[in-house]
Amino acid sequence: MRALRNLYTGEERCEELADVRERMARELEHDAERLDTLSSLAVVHEDKLDDPERAIDVYQDMRAIDPETAAALAALDRLYAKETRSADL
């Protein structure tokens, strides 16, 4: 999986990269690794694929693992404001 991640990152194959990161996150056992992988997945959705709704879903997945994760909270705050979803805050 890591080799595919590296290949897709280098070639800017963002859809495939997102798929690989999502599979990796499901397979990882340690929360810290899952959070790191989910964080990078959310960035791909937000920045590379221009899919803020999916990025929000991934950040919410991060909060399901650790409700106080600062990266997810800050990103959700920013994205909700951007997507005018302040009621979700």
Side-chain angles (χ1 to χ4, degrees):
M1 287 276 188
R2 292 182 199 284
L4 283 174
R5 179 196 63 200
N6 294 339
L7 174 68
Y8 294 151
T9 299
E11 294 184 2
E12 293 292 317
R13 295 172 61 181
C14 298
E15 288 285 344
E16 293 92 341
L17 176 61
D19 290 342
V20 168
R21 289 187 190 273
E22 193 165 339
R23 283 192 307 250
M24 286 177 65
R26 283 194 304 262
E27 293 176 4
L28 292 169
E29 294 181 19
H30 301 286
D31 286 348
E33 291 176 326
R34 288 178 59 215
L35 287 170
D36 185 52
T37 301
L38 288 170
S39 179
S40 62
L41 173 60
V43 169
V44 169
H45 282 294
E46 184 177 359
D47 295 342
K48 302 285 187 182
L49 298 173
D50 194 29
D51 188 353
E53 288 294 321
R54 184 65 185 117
I56 287 170
D57 292 342
V58 175
Y59 286 123
Q60 289 173 335
D61 291 344
M62 290 175 65
R63 290 201 58 223
I65 296 168
D66 178 3
E68 300 302 318
T69 184
L73 292 170
L76 285 169
D77 187 42
R78 182 186 73 254
L79 286 168
Y80 286 154
K82 189 174 169 181
E83 295 296 306
T84 62
R85 290 178 53 175
S86 58
D88 293 333
L89 292 172

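- Rounded to the nearest 0.5 Å, atoms NE2 (His45) and CG (Asp57) are 8.5 Å apart.
- Nearest heavy-atom pair across Ala55 and Ala42 is CB-O, 3.6 Å.
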Review point. Taking it one step at a time, do Met62 and Asp66 satisfy side-chain contact (heavy atoms from CB on, under 4.5 Å)?
Key: CA-CA 6 Å; Met62 290 175 65; Asp66 178 3; over 6 Å; no

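- In this structure, Ala71 and Tyr59 approach most closely via the heavy-atom pair O-CE2, 4.5 Å.
- Annotation: side-chain contact (heavy atoms from CB on, under 4.5 Å) contacts of Ile65 (sequence neighbours excluded): Asp31, Arg34, Leu35, Leu38.
- With rounding to the nearest 0.5 Å, the separation of CG in Asp19 from CD in Glu15 is 6.5 Å.
- Here Leu17 contributes atom CG and Arg21 contributes atom CZ; the two are 4.5 Å apart, rounded to the nearest 0.5 Å.
- Distance CD/Glu68 to CG/Leu73: 6.0 Å, rounded to 0.5 Å.
- When all heavy atoms are compared, the tightest approach of Leu79 to Glu46 is CD2-OE2, 3.4 Å.
- Put simply, the side chain of Val20 reaches to within 4.5 Å of the side chain of Arg23, judged on heavy atoms.
- Remark: Glu22 engages Arg26, Arg54 in a salt bridge (Lys or Arg N to Asp or Glu O under 4.0 Å) (not counting sequence neighbours).
- Rounded to the nearest 0.5 angstrom, Thr69 OG1 and Asp61 CG are separated by 12.0 Å.
- Checked against salt bridge (Lys or Arg N to Asp or Glu O under 4.0 Å), Asp47 has no partners two or more places apart in sequence or in another chain.
- Residue Cys14 comes nearest to Val44 through the heavy atom pair O-CG1, 3.8 Å, listed as atom of the first residue, atom of the second, then distance.
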